[in-house]
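Heads up: the structure comes next, in structure tokens.
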There are 2 protein chains.
Amino acid sequence: MSRVRCLQCNQTENIRKAGIIRGKQRFYCKTCSYHFTEDKIEKVKNIGPNVTDKQVSLSDIANASGFSIATVSRALNEKSDISVKTRELIKVLAEKMNYQPNLLAKSFVKQSTKTLGVIIPSLDTTIFSTMLSGIQEMAASSGYRIIICTSNEMYEQESANIQALMNNMIDGLLICHSIQTNSFEHLSIHVNKRIPIVQFYRVALGLSISQVLASDERGALEVTEYLIKKGCRKIAVLLGPKEFSLSQSRLKGYKIALKKHEINFDERLLTYVDFGQESVYKSVDYWLTYFPDVDAIISISDKSAAQIITKLKSINIKVPNQIRVVGFGNEFVGEILDPKLTTFDTQTKMIGKEASRLILDQISSGKREIKKLVIPGKLIVRDSA
Amino acid sequence: MSRVRCLQCNQTENIRKAGIIRGKQRFYCKTCSYHFTEDKIEKVKNIGPNVTDKQVSLSDIANASGFSIATVSRALNEKSDISVKTRELIKVLAEKMNYQPNLLAKSFVKQSTKTLGVIIPSLDTTIFSTMLSGIQEMAASSGYRIIICTSNEMYEQESANIQALMNNMIDGLLICHSIQTNSFEHLSIHVNKRIPIVQFYRVALGLSISQVLASDERGALEVTEYLIKKGCRKIAVLLGPKEFSLSQSRLKGYKIALKKHEINFDERLLTYVDFGQESVYKSVDYWLTYFPDVDAIISISDKSAAQIITKLKSINIKVPNQIRVVGFGNEFVGEILDPKLTTFDTQTKMIGKEASRLILDQISSGKREIKKLVIPGKLIVRDSA
DNA sequence: ATGAAAGCGCTAACAA
DNA sequence: TTGTTAGCGCTTTCAT
């Protein structure tokens with residue numbers, strides 16, 4: 001059996017040799033129809049697990065200094081009830097012996113890891129990694145690390161991750177639910193535990209857990225009003241999956257704006273997509289076929305907005321002249337689009353930051369003050385609307 | 001003193017009230033000149049730290065069942081030397097008592113956390129979060145979690161993070177160096193420790209540490225040759241910071257291609273940027289001023305390529321007719337650019353995956369086989385070149 | 001100011 | 001098959 005592993009599908013089965021290219025063996029993976037070369041895998045040397053020497057522990061320093069373990073611990077932790085002389089002596093010795101505290105032992109006795117757990121649906125979506133960045137920044141500024149788990153939008157994985165993390169691995173949990181998640185017992189059973197929890201971005205209603213949300217409703221309202229003021233009357237909306245609280249909030253804001261300006265709400269102007277390019281393109285086709293007089297499109301994300309504009313341009317519809325397009329999220333892609341994208345900045349990073357701050361507050365205070373925070377966003381007017 | 005905190009700069013000083021808007025108090029932060037409202041901060045209730053009840057431990061189950069702690073441990077860990085009857089009995093009891101193992105204690109006695117440490121320069125750059133995604137996927141498939149630290153491109157932070165993580169917090173370390181990092185003692189001192197290390201993307205030469213790299217040299221060579229075949233003779237290159245091994249590798253590939261096709265290398269066609277839009281725009285201005293006959297630009301990243309194209313369009317230079325542009329990385333932005341971006345796909349996610357695989361192999365085998373892996377990429381031909 | 005000793009929850013070697 | 005015991009490295013209480 002071939003020991004070569006496909007670089008694409010990661011299997012060792014069904015690999016065939018496929019000629020030599022530039023002096024290197026080329027392979028073909030039948031499973032995923034992928035050609036590749038083993039391009040420069042150099043095995044330099046094979047040193048054994050020759051761990052140099054054992055980590056020095058408090059007891060080693062105790063032995064070397066003649067003091068007890070307790071005293072050494074006190075000296076190294078800057079406790080007050082110790083003579084300056086002893087403390088300095090021990091610190092110098094520890095330095096010389098290259099002492100490194102075993103954080104695992106420390107965490108164990110304190111039952112605290114100085115680590116936050118974060119569960120997000122995916123790392124491939126800008127919006128999540130941006131929130132993650134905010135979380136990380138805030139956490140780091142308080143000396144906390146973060147441990148990341150992804151649910152891949154699946155309930156099972158989300159649930160398993162919660163369980164694992166809550167078993168003393170972390171001091172606090174930040175969670176953004178998967179699409180699949182629509183029951184919340186896996187979370188609610190942890191509500192009264194030592195470890196605090198904060199939900200962000202996609203949250204469950206009715207749980208006694210702090211939350212940090214984007215201003216979806218208000219955002220949709222502002223965006224819609226802006227378009228109405230520009231003269232639009234037939235405003236289509238591209239939403240995410242129907243069950244999404246996010247879709248519902250945005251829809252609500254949209255409806256309020258319409259009502260306020262006495263425009264009839266037409267359900268048929270809404271489409272619900274799964275974020276794939278396919279479904280976005282389909283939506284555009286659908287609108288143009290059944291509602292050729294559509295004069296604006298509000299998109300669930302900047303990425304989808306970009307796809308919408310690309311699609312419209314490909315069939316020679318002018319943006320914003322014929323159809324105005326607005327996105328959500330203020331991602332980089334909006335800046336380089338042609339025309340530049342008008343978008344509602346949901347302050348994604350701030351959501352992460354605030355969620356992080358909320359949980360750090362709970363950890364340091366020991367209080368379980370339940371807060372619901374809505375991060376205000378703002379409309380970024382550019383050229384597409 | 002005001003207790004309101006600025007949503008932008010995160011301070012409580014210098015906050016002024018600034019009128020009422022839609023029934024909500026509006027504020028102004030003098031420090032960072034930012035207006036905001038406290039938009040819907042609801043304090044729902046303030047429950048104390050009423051931890052329901054202590055976590056049940058092995059000893060609780062031992063007491064309840066009449067068996068010893070050791071037997072309970074064996075039963076719950078599916079060890080063989082235990083009667084089926086006892087095992088089932090204990091498992092049922094544990095379930096009933098809602099036992100959850102204390103992972104921290106487990107990690108402590110095993111000195112293994114089933115966690116990989118990852119140090120990356122930033123979470124705000126697509127390329128890093130994409131690699132992270134690859135790392136995470138591979139790790140999760142082997143039951144490992146990942147703990148993320150960012151260096152923010154600073155040596156100090158990188159060094160501190162290495163130190164913290166290597167103190168028994170993790171089973172393996174994956175590191176992508178910061179720009180600032182140009183000495184590597186902070187890493188080399190850990191080479192012979194129990195915890196294996198793998199460098200990826202930005203690596204140090206001369207250390208006995210496994211590495212996973214993008215095929216920068218080959219990529220630049222392919223890209224350059226492609227442009228030459230299209231008839232380009234005056235090919236400018238936008239590089240990252242000069243000290244970057246990445247910049248050097250790409251430069252090398254570029255030079256080889258020129259030499260092969262007997263085109264003179266002109267150092268003045270190179271610019272070195274810091275990834276900011278400013279420096280990219282400046283580069284374009286520079287080329288157009290001093291080398292108006294430039295017929296192609298190779299960019300360090302797709303993001304910069306996008307900025308280059310935006311800039312060229314703004315001064316009515318046609319891409320690819322007058323100047324061809326090629327990016328690196330195959331990011332989403334390239335697909336929606338107009339014209340669509342020709343780019344070299346460095347297989348960013350694969351780099352993460354392979355780095356992760358490498359370290360998992362080292363962990364499970366206990367071997368320290370030092371490998372250098374170059375992940376092959378491929379040219380994606382679209383419209384910009 | 002310092003030391004002795006208990007204990008955190010679990011695993012594993014050894015004994016029975 | 002089951003129990004006893006030591007111990008992982010550290011913190012902390014209680015003596016001295």
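Order of the sequence lines sets the chain letters (A, B, ...), proteins ahead of strands, with each chain counted from 1.
- The side-chain hydrogen bond (donor to acceptor under 3.5 Å, both in side chains) test applied to B:Ser112 returns B:Asp171, not counting sequence neighbours.
- Ionic pairing of A:Arg202 and A:Glu153 is present here: one or more N-O contacts between side-chain nitrogen and carboxylate oxygen are shorter than 4.0 angstrom.
- For DNA chain D, the span of nucleotides reached by chain A at under 4.0 Å from its heavy atoms goes, 5' to 3', from D:dG9 to D:dT13.
- Taking the side-chain hydrogen bond (donor to acceptor under 3.5 Å, both in side chains) definition, one finds that A:Gln157 meets it with A:Asn152, sequence neighbours left out.
- Side-chain contact annotation: A:Asn102 with B:Gln111, donor-acceptor N/O pair under 3.5 Å present.
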Ignoring hydrogens and angles, write down the donor-acceptor pairs under 3.5 Å from the side chains of residues 137-144 of chain B, residues two or more places apart or on other chains.
unit_1	atom_1	unit_2	atom_2	d
B:Glu137	OE2	B:Lys349	NZ	2.9
B:Ser141	OG	B:Met138	O	2.7

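- For C:dG3, one of the phosphate oxygens OP1 or OP2 lies less than 4.0 angstrom from a side-chain nitrogen or oxygen of A:Ser68.
- Two residues are said to be in side-chain contact when any heavy atoms from C-beta on lie closer than 4.5 Å; B:Val118 and B:Gln136 fail this criterion.
- A side chain to side chain contact (heavy atoms under 4.5 Å, CB included) with A:Ile359 holds for exactly one of A:Ser364, A:Pro196, A:Ser210; it is A:Pro196.
- Rounded to whole Å, atom C1' of C:dA1 lies 11 Å from atom CD1 of A:Ile90.
- For residues 64-85 of chain A, there are no ring pair (Phe, Tyr, Trp, His ring centres under 6.0 Å) pairs, not counting sequence neighbours.
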**Study point:** Annotated protein contacts, base or backbone, on nucleotides 7-16 of chain C with a non-hydrogen cut-off under 4.0 Å, one of B, S, - each
**Key:** -BBBBBB---

